[in-house]
Amino acid sequence: MTLIDEPTTAPIGGPSLPQVRRLVTELPGPRSAEILARKSEAVAAGVAHSMPVVTVAAGGGVLLDADGNSLIDLGSGIAVTSVGNAHPKVAEAVAAQAAQFTHTCFMVSPYESYVDVAEALNRLTPGDFAKKTALFNSGAEAVENAIKIARKHTGRQAVVAFDHGYHGRTNLTMALTAKSMPYKSGFGPFAPEVYRVPASYPYRDGLTGPEAAALAITLIEKQIGADNLAAVIIEPIQGEGGFIVPADGFLEDVVAWCRDNGVVFIADEVQTGFARTGAMFASEHFGIEPDLITTAKGIAGGLPLAGVTGRADIMDAAHAGGLGGTYGGNPIACAAALASIDVYENEGLVERATEIGALLTSRLREIQQEDARIGDIRGHGAMIAAEFVDPATGAPDAALTSAVAKAAIAQGVIVLTCGTFGNVIRFLPPLAIGDELLGEGLDVIAAALKAL
Ligand SMILES: *Cc1c(COP(=O)(O)O)cnc(C)c1O
């Protein structure tokens, strides 16, 4: 059966897709295999893919491939389609805006939806102070602009990022990103004035939050000097680095030090933002109020949009014309963001993320009881990870991790790996997934682990 060839009038994406796992071919099926063969001829080799299927529709907690296979989605396109893929409110808002105008460039002739998104971000981000926002196209672009703003505000140049940090693939954000392969190797030279210090990684460093913060702060003071430092940037829960939740007190102490020293504290919430962690923003779990917050991924239900939001006086440091871009805050992306924010706020997605987190954590702990190769289970809300280790030594087991992921994928479950040591399976299901489908996905992973 090749659904791609079937004439359809009704849309087959969105929540109307049957919420089941069903394989009708091996993966990839013949139609996917044919397109993937063309991909390898036509698309640059550096643009890799992890699932051996070609998508034709997606919605709720499933993805439909070109051969009619229905897969359980535990990745949300890397934490993007949190509201559910092709959410009807998003699809409708996109279609309506596309019929009105598709682009003017906000820097040429502004439109209201951009202002609406800015107001929503100013309202939703933590911190009870006057805020402003600027919109961009991608997470990396938001991070680059947050650094530009912090430098202009402070008149200083240095930036501190952390071990295990991930901030993107552009030149400045490669410099901020910790991991060489695959993100940086061979792509230098990197932007100057970027310094790296240890982060809090409770499972591996054995330090309390205040101890880990003191270590980082001492290095900053001795090796850089607060007077030279424009900004400290960190993901409140590190994403690509392994879903590392810092020990209590770590972020709080780093924020307090930044405040005492006139350093801009930037929370990169590109992955953790928008209900993902069971709070609208992960900073809330730690009681911190960042000076600037970068957002993207979950912001617009799959449309490319990103933002920098923060203290009005800092955001206003850049001169007129110093920020922007041709497409930043595109009207279709803004319409999708407003629809998505409506869903986050009015369809209980923060609460749903917490429920999903409880389900994931309790099932993973059951599996861990019987299998010491799961060294650590951590995360918040619908951002949960399992770290795989050699039980005898605690050494990272990347081979086992990729074998589990590969086996689950072959059974029709989309799982993603991450971690500095490649030994973490991360769960980022759409918040629209049902309990049954989520449970089935975990059963497949448990069986795959048992068989290895
Ligand atoms: C994905 C990600 C980025 C980069 O976002 P892009 O949209 O891929 O440029 C930056 N920071 C974090 C924390 C991310 O997870």
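Bear in mind the structure is a predicted one, so any value in this text is a computation, not a measurement. Each ligand, and each atom within it, is numbered from 1 in the order the structure gives.
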(request) Output the distance between atom CG (D376) and atom CG (L364), rounded to the nearest 0.5 Å. (result) 11.0 Å
(request) Could you tell me whether F281 and F274 have their ring centroids closer than 6.0 angstrom? (result) yes
(request) Measure the acute angle between the ring planes of Y201 and H164, then classify it against the limits of 30° and 60° as parallel, tilted or perpendicular. (result) perpendicular
(message) Which of the numbered atoms in ligand 1 are under 4.0 angstrom from any heavy atom belonging to E235?
(response) 13 (C)
(request) Any atoms of ligand 1 less than 4.0 Å from a non-hydrogen atom of Y166? List them with their elements. (result) 1 (C), 2 (C), 3 (C), 11 (N), 12 (C), 13 (C), 14 (C)
(message) Can you tell me which portion of A296 lies within the under-4.0 Å heavy-atom range of ligand 1? Options are side chain, backbone, both, or neither.
(response) neither
(request) Could you check atom 9 (O) of ligand 1 against the protein and tell me its nearest heavy-atom contact, residue, atom and distance included? (result) A140 N, 2.8 Å
(message) Tell me the protein heavy atom at minimum distance from atom 5 (O) of ligand 1, and give that distance in Å.
(response) G139 CA, 3.2 Å
(message) Can you tell me how the ring of H380 sits relative to the ring of F286, calling it parallel under 30°, perpendicular over 60° and tilted otherwise?
(response) perpendicular
(message) Any carboxylate oxygen within less than 4.0 angstrom of a Lys/Arg side-chain nitrogen, looking at R373 and D397?
(response) no
(message) Please check if the number of heavy atoms outside Y203 that lie under 6.0 Å from its OH is greater than 12.
(response) yes
(request) Of the side chain and backbone of K297, name the one, both, or neither that has a heavy atom under 4.0 Å from an atom of ligand 1. (result) side chain
(request) Would you mind telling me if ligand 1 is within reach of the side chain of H167, the backbone, both or neither, using heavy atoms under 4.0 Å? (result) backbone
(message) Going by the closest heavy atom to atom 11 (N) of ligand 1, which one wins out of T294, V80, D268?
(response) D268
